Amino acid sequence: MHSIKIQQDDSSEDFISQLPDELLHHILSFLPTKDIVSTSALSSRWKSLWTFFTIVNFDFNAWKEKQKERSSFLDRVRRELLIPDTTRIRKFHLHPDCAVHFSQILASMSIVSQVVNHKVEELDLSIPYYLESNLFTLPHCLFTSETLISLKLHMTQVALNNFPTSIFLPRLKTLYLDYIKFQDEHSAQFLLSACPVLKELYIDNCGWTETTKITISIPTLLTLSLIFFDENPPDMSIKICTPNLLNLYYTSSLQVELIACNLSSVIRAEVDVFGWLSYDQRVRVQAAHRTLRLLKAIRGVKFLELSYETLQAISFAENFQANDLPTFYNLTDLNVNFNFANRDGAALMHVLQKSPNLRSLHFPQGFDEEYQKHVIPVKDNAEEVRFLNIYSRMLRLWSGFQSIAQKIYQKTWERRRG
């Protein structure tokens with residue numbers, strides 16, 4: 001570190017102002033934005049100093065405001081954004097509440113355009129639900145930002161309309177789409193293809209108004225999260241071609257089919273397939289085969305989490321046996337969100353048989369209210385075979401399952417301690 005010598009005398013000299021601009025900018029970075037702006041009143045030196053400050057963060061959340069102040073929320077945002085054109089904004093969070101008038105929507109979009117012009121790097125934007133219309137158009141400049149690194153869009157019950165014909169986000173690494181309604185499959189496909197260096201993609205409860213086939217082909221993608229709870233058109237499919245993907249989180253109803261092109265690089269996966277139990281046998285078989293195809297595509301994982309509905313789903317495959325599953329040679333940690341009252345556990349037994357290097361089996365939800373968490377370590381193949389045999393008997397003797405599982409848990413840890 002460089003030492004800075006400041007010669008003191010008896011005069012009331014401002015020693016802080018003698019520091020170089022770079023060091024002052026670093027000191028200011030620890031202050032809230034409004035305090036940074038207020039330093040302009042200190043002296044002539046400070047009057048323009050903050051205008052060249054490039055690390056400015058804004059966090060506006062109407063839900064944190066008092067009820068009587070929410071009506072003037074956007075006015076306050078505009079006032080605080082009266083900053084010089086040279087000031088760059090690093091982070092900007094805008095979360096207004098429900099919009100009553102269309103003018104509030106226009107005000108929000110005017111603010112977004114202004115923030116983009118200040119070369120924002122991280123934008124977290126919540127579009128207020130407008131009572132008179134569910135169609136919405138974002139500023140076109142947002143989709144051509146050359147500085148944006150992280151973009152989070154929350155648009156509850158709002159449909160994106162009129163995508164720009166030109167979209168390119170050359171630096172975007174994180175994209176989070178929450179409750180966005182797309183008018184067609186082309187708009188979503190167009191947006192994803194315009195992010196050449198994207199590393200994290202989160203699609204949370206987005207919807208489409210017509211039958212959709214989407215391809216996620218992003219070589220740089222490392223983390224992909226797909227969550228679908230709401231209803232989507234039937235036969236919707238998402239094809240994933242991500243050769244470098246490491247983390248996959250998939251929660252979906254039967255209406256969405258996941259087609260894996262290349263997921264051999266995935267080391268962590270969480271799979272929750274739900275909503276198929278109310279259908280007939282034909283649909284249940286279809287759910288089983290879709291789930292099995294996904295598990296085969298991620299057979300190289302080291303950490304795997306399965307919901308009890310996912311295990312139930314694969315058990316509905318015709319003449320389902322352990323051989324229908326892939327061998328998870330790399331799997332060391334298995335989490336099962338299991339409801340033991342629903343099925344006989346045969347599917348879980350088969351998964352365990354196909355996991356030769358498993359080290360721990362974790363039940364985050366426990367066996368019942370008394371046993372909240374159980375971790376059953378498996379040290380080597382001999383102990384694993386012994387554990388699987390005991391576990392098989394436990395499944396057949398269902399009424400005594402919980403007490404036997406507790407004994408296995410205790411004995412396993414006693415062997416480790418010994």
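Predicted, not measured: the structure shown is a model, and the values here were computed from it. The first residue of the sequence shown is numbered 1, and numbering continues consecutively from there.
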Visitor: In this structure, is the centre-to-centre distance between the rings of His118 and Phe92 below 6.0 Å?
Guide: no

Visitor: So Asn330 and Phe328, side chain to side chain contact (heavy atoms under 4.5 Å, CB included) or not? Walk me through it.
Guide: CA-CA 6 Å; Asn330 299 327; Phe328 299 98; over 6 Å; no

Visitor: Could you give the side-chain donor-acceptor pairs of residues 193-202 under 3.5 Å, partners two or more places apart or in another chain?
Guide:
unit_1 : atom_1 : unit_2 : atom_2 : d
Ser193 : OG     : Gln189 : O      : 3.1
Ser193 : OG     : Phe190 : O      : 2.9
Glu200 : OE1    : Tyr202 : OH     : 2.7
Glu200 : OE2    : Thr174 : OG1    : 3.2

Visitor: Could you check whether any side-chain heavy atom of Asn357 comes within less than 4.5 Å of a side-chain heavy atom of Ser355, counting everything from C-beta outward?
Guide: no

Visitor: Between atom OG of Ser187 and atom NZ of Lys181, what is the distance when rounded to the nearest 0.5 Å?
Guide: 13.0 Å

Visitor: Evaluate the side-chain proximity of Cys206 to Phe182: yes if any heavy-atom separation is below 4.5 Å, no if none is.
Guide: yes

Visitor: Specify the closest pair of heavy atoms between Glu146 and Pro170, including all atoms of both residues, with the distance to one decimal.
Guide: CA-CG, 4.1 Å

Visitor: Salt-bridged, Glu121 to Arg90, with N to O below 4.0 Å?
Guide: no

Visitor: So which heavy atom on Pro139 is nearest to which on Ser113, and how close?
Guide: CB-OG, 3.4 Å

Visitor: Thinking salt bridges, do Lys173 and Glu122 make one under a 4.0 Å N-O criterion?
Guide: no

Visitor: Tell me, please, which residues at least two apart from Phe143 pass ring pair (Phe, Tyr, Trp, His ring centres under 6.0 Å).
Guide: Phe163

Visitor: Evaluate the side-chain proximity of Val351 to Leu334: yes if any heavy-atom separation is below 4.5 Å, no if none is.
Guide: yes

Visitor: Atom CG in Leu172, atom CG in Leu151: separation rounded to 0.5 Å?
Guide: 6.0 Å

Visitor: Output all residues satisfying side-chain contact (heavy atoms from CB on, under 4.5 Å) with Lys239, sequence neighbours left out; order by chain, then residue number.
Guide: Thr215, Cys241, Ile259, Cys261

Visitor: Determine whether Tyr249 and Asp272 make a side-chain contact, defined as any pair of heavy atoms from C-beta on separated by less than 4.5 Å.
Guide: no

Visitor: Between Leu138 and Met109, is the side chain to side chain contact (heavy atoms under 4.5 Å, CB included) condition met? List the steps.
Guide: CA-CA 7 Å; Leu138 285 165; Met109 293 308 96; 3.9 Å; yes

Visitor: Are His154 and Asp124 linked by a side-chain donor-acceptor pair shorter than 3.5 Å?
Guide: yes

Visitor: Taking atom types as modelled, is there a side-chain donor on Asp204 or Tyr179 under 3.5 Å from an acceptor on the other?
Guide: no

Visitor: Nearest 0.5 Å please: distance from the CG atom of Leu177 over to the NZ atom of Lys152.
Guide: 12.0 Å

Visitor: Mind listing the closest non-hydrogen atom pair of Leu169 and Thr144 along with its distance?
Guide: CD2-N, 4.1 Å

Visitor: Can you tell me how far CG of Leu352 sits from CG of Leu361, rounded to the nearest 0.5 angstrom?
Guide: 5.5 Å

Visitor: Find the distance between CD (Glu270) and CG (Asn337) and round it off to the nearest 0.5 Å.
Guide: 8.5 Å

Visitor: Provide the closest heavy-atom pair for Ile298 versus Ala269 in the form atom of the first, atom of the second, distance.
Guide: CD1-CB, 3.7 Å

Visitor: Using the side chain to side chain contact (heavy atoms under 4.5 Å, CB included) definition, which of the options Thr251, Ile238, Leu258 pairs with Phe228?
Guide: Ile238

Visitor: For the atom pair CD (Glu305) and CG (Asp333), what is the distance rounded to the nearest 0.5 Å?
Guide: 11.5 Å

Visitor: Of all heavy-atom pairs between Ser265 and Thr242, which one has the smallest distance, and what is that distance?
Guide: OG-O, 4.1 Å

Visitor: Is any side-chain heavy atom of Leu245 closer than 4.5 Å to one of Leu263?
Guide: yes

Visitor: Does Val120 reach the side chain of Leu148, with side-chain heavy atoms less than 4.5 Å apart?
Guide: yes

Visitor: Any heavy-atom pair between the side chains of Leu292 and Leu325 that's under 4.5 Å?
Guide: yes

Visitor: Using the six-membered ring of Phe303, assess whether NZ or CZ of Arg268 lies under 6.0 Å from its centre and within 45 degrees of the ring axis.
Guide: yes

Visitor: Could you report the tightest heavy-atom contact between Ile314 and Leu311, atom names first, then the distance?
Guide: CG1-O, 3.2 Å

